[in-house]
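A short worksheet on the structure shown next.
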Amino acid sequence: MKRLKYPLYFSFPAIAIFLLFFIAPTIIGVYYSFTDWNINADAIKFIGLDNYVELFKEPRLKQAFINTIIFAAAVTVLQNVTGIALALILNEKLKSRNLLRMIFFMPYVIAPLVIGYIFRAIYHPGHGVVNQFLDLIGLDFMMQDWLNDPKYALFTIIITDIWRVAGFSMVVYLAGLQFIPKDLIESSSIDGANYWSRFRHIVFPLLAPAFTVNILLAMIGSMKVFEIVMVLTEGGPGYTTEVFYTLIRTTFSSGEMGYATAVNMLLFAFVSLVGVPVLMMMKKREVEM
Amino acid sequence: MTRRSSLIALEIVAIALALLILIPFFMILVNSFKGIRESALFGLSLPTTWEFGNYKDVFKQDNIMRGFKNSFLISGLTVVCVNLFAAMSAFIIQRRGGKFLNGVYLAFIMGLIVPVSIIPTIKLMNELHIKGTYFSIIMYYSAVLLPFAVFLLVGFMKSIPRELDEAALLEGCGYFRLFFRIILPLISTVLVTVSIVVVVSVWNDFFGPFYLVTDSTKWTIVLQVFNFVTLYSTNWGVVFAFMIVVITPVLVIYLFLQRYIIDGLTAGSMKG
C-alpha cells in the first residue's frame with residue numbers, strides 16, 4: 001500500500017498560535033530589551049545594552065537570582081523528600097488511605113494567590129496560628145515574625161510552597177510504587193534486608209521514572225514562582241525574598257517596560273540554561289537504568 | 001512492635017500531617033463568620049457571635065458573579081481551543097513525521113520548560129490591537145498550554161494502530177472524517193486529562209490576566225480576589241468570606257471528581 005498523505009495543514013492552527021503567542025513575544029522581547037520602552041513615553045529609542053548594564057549594577061538582580069536558585073533548589077529537594085515519605089506511608093494498608101490522599105492533594109487545586117493570602121494570616125506575628133501554637137506548647141522562644149524577619153522570610157515561603165505541592169509529588173510517587181511487584185519486596189524482607197536497604201536497593205531504583213518527572217517538574221515550576229512570593233512578602237523585607245517574577249512585576253509597575261523586558265529575557269535564558277540540559281540528561285539516564 | 005500496632009502508629013502520623021493541610025482551610029472558614037475585630041485575630045476558635053452578614057457583603061459585589069463568569073468563559077474556550085488544535089497537530093506530527101514536523105515537536109517540548117515572555121506579550125497584543133480582549137487571553141493560555149497537550153497526545157497517538165487509518169481511507173473516508181469520527185473518540189480519555197489540566201491551570205492563574213487584562217469587567221475570579229483584598233483588607237471577616245465563596249466550588253468539584261482530577265493532573269507527568 002502506498003504511503004498515506006496525511007494533510008500537513010492539520011498542524012497549522014497549533015503551530016500558528018504557538019509561533020505567534022509564544023515564540024514571537026520571546027523574539028520581539030530580545031529587541032525591546034535593547035530599548036528605553038516606557039509606559040510614560042511615546043517614543044521608543046534603541047539604547048543598546050544599557051538595560052542590561054544597569055541591571056547587572058543593581059544588587060536587586062543579584063539577589064533575585066540567588067533567591068530564585070535557593071528557592072528552586074530547596075523546594076525541589078524538600079518537595080521530593082516529603083513526596084516520597086508521604087507516598088511510602090500511604091502505600092501501606094491504612095484505613096483512611098483514600099481520604100488522606102485526597103486531603104494531601106487538595107492544596108494543589110487551589111489558586112496559589114489564595115493560598116498566599118491564607119498563609120499571610122497564618123504567619124501573623126501577633127496572633128497567627130503558627131505563633132499561637134508555639135506559645136501554647138511552651139516553645140514561645142521560637143516565635144518569630146516569619147515574613148518580616150530577613151532571616152526567616154525566604155524559608156517561610158519555601159515551607160508554604162512545600163505545603164502546596166507535596167501532595168502532587170506524593171501522588172506521582174504512589175503511582176510509581178504501584179509498579180513495584182509486592183513479592184519482590186516480600187522476598188527481600190525474608191532475606192533479612194532491613195527497611196532502609198530495601199528502600200535504597202529495590203524501591204528507589206524502580207521509582208526512577210517517577211523521580212525524573214518529579215525533579216524536572218519541581219525545578220521548572222519553582223523557578224517560575226510568583227504569586228506566593230508576591231502575596232506573602234512582595235520580595236521584601238529589603239530584597240531578601242526577591243525572585244525573578246517579583247522583580248519583573250515591580251519594574252513593570254513602575255512603567256519601565258524595556259527594563260522589565262530585559263529581566264524577562266534573563267529569566268528566559270536562565271530557565272533554558274538549567275531546564276533543557278536537565279531534561280536531556282534525565283531522559284538519557286532513565287534509559288540506562 | 002507488631003505489624004498491626006505499627007500500622008496504627010503510622011496512621012496517626014498520617015492523620016496529624018493531614019491536619020496540617022486542613023487547619024489553614026478551617027482557619028479561614030471560622031474567621032469568615034466573625035466580626036471585624038475578632039476576625040483580625042485569625043484564631044481557630046468558633047465565633048463568639050456568628051456574623052453571617054460577611055457573606056451578604058460578598059454577594060452584594062456584582063464583580064464576584066462577573067468574575068466567575070469570566071473564569072468560566074475563558075477556561076471553557078481555552079479547553080476547546082487546546083484540545084482541538086493539539087489533537088489535530090499531534091495526529092499529524094505522529095503519523096506523518098518528517099524533518100519539519102519533528103522540529104515542530106521539539107519546539108513544543110522546549111515550550112514545556114521555558115517561560116513565556118510576558119512583558120513583550122503585552123506589546124504584541126497591543127500591536128495586534130487585541131490587548132485586553134477575551135480573545136487575547138485565550139490565545140495566551142492556548143500558547144502556554146499547547147506544548148503540554150501536544151506532548152501528551154503524541155505519546156498516546158502511537159498506541160492507535162495505523163491500520164485503522166488505512167482501512168478507513170480505503171473505505172473512502174476523508175482525512176477530516178477519519179480524524180473527527182475515528183481518532184477523536186479513541187483519544188477521548190486523554191482529552192479529559194488535557195481538559196482537567198487546562199481548567200485547573202486557567203481557573204487558578206493570576207499571572208496571565210494580571211498582565212494582560214486591564215479592564216476590570218473582564219477580570220477572572222482570582223483577579224477579583226486580589227482586588228477585593230486590596231479594597232477590604234481592613235475587614236478580614238469579609239475577605240475570608242470572599243475566599244470561601246471562591247474556593248468552595250473548586251473544592252466541591254474536587255470532592256466529587258477527585259479520582260479523575262488527581263489522575264488527570266498527574267497522568268500528564270507520567271508519560272514523561
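In the text below, chain A, chain B and the rest are named by the order of the sequence lines, each starting its count at 1.
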Within the side chain of [X], is there an N or O that forms a donor-acceptor pair under 3.5 Å with the backbone of [Y]?
| X | Y | answer |
| --- | --- | --- |
| B:E11 | A:S96 | yes |
| B:N204 | A:P112 | no |
| A:H124 | B:A40 | no |
| A:E92 | B:L7 | no |
| A:W163 | B:L20 | yes |
| B:Y175 | A:F10 | no |

With a 4.5 angstrom heavy-atom cut-off, is it the side chain or the backbone of [X] that approaches chain B, or both, or neither?
| X | value |
| --- | --- |
| A:L100 | side chain |
| A:M230 | side chain |
| A:I115 | neither |
| A:I118 | both |

Flag the pair [X] / [Y] as yes when at least one side-chain heavy-atom distance between them is below 4.5 Å, and no otherwise.
| X | Y | value |
| --- | --- | --- |
| B:V116 | A:F268 | no |
| A:F21 | B:Y140 | no |
| A:R249 | B:F210 | yes |
| A:M257 | B:I122 | yes |
| B:I253 | A:V109 | no |

How long is the gap from NZ on B:K123 to OH on A:Y31, to the nearest 0.5 Å?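 With rounding to 0.5 Å, NZ (B:K123) is 9.0 Å from OH (A:Y31).
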Could you tell me whether B:F240 and A:Y117 have their ring centroids closer than 6.0 angstrom?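 No - the distance between ring centres of B:F240 and A:Y117 does not fall below the 6.0 Å cut-off.
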Contact origin within B:V114 toward chain A - heavy atom pairs under 4.5 Å: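 Both parts, backbone and side chain.
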I'd like to check the side-chain hydrogen bond (donor to acceptor under 3.5 Å, both in side chains) partners of B:T220; sequence neighbours left out, ordered by chain and number.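 Applying side-chain hydrogen bond (donor to acceptor under 3.5 Å, both in side chains) to B:T220 gives none.
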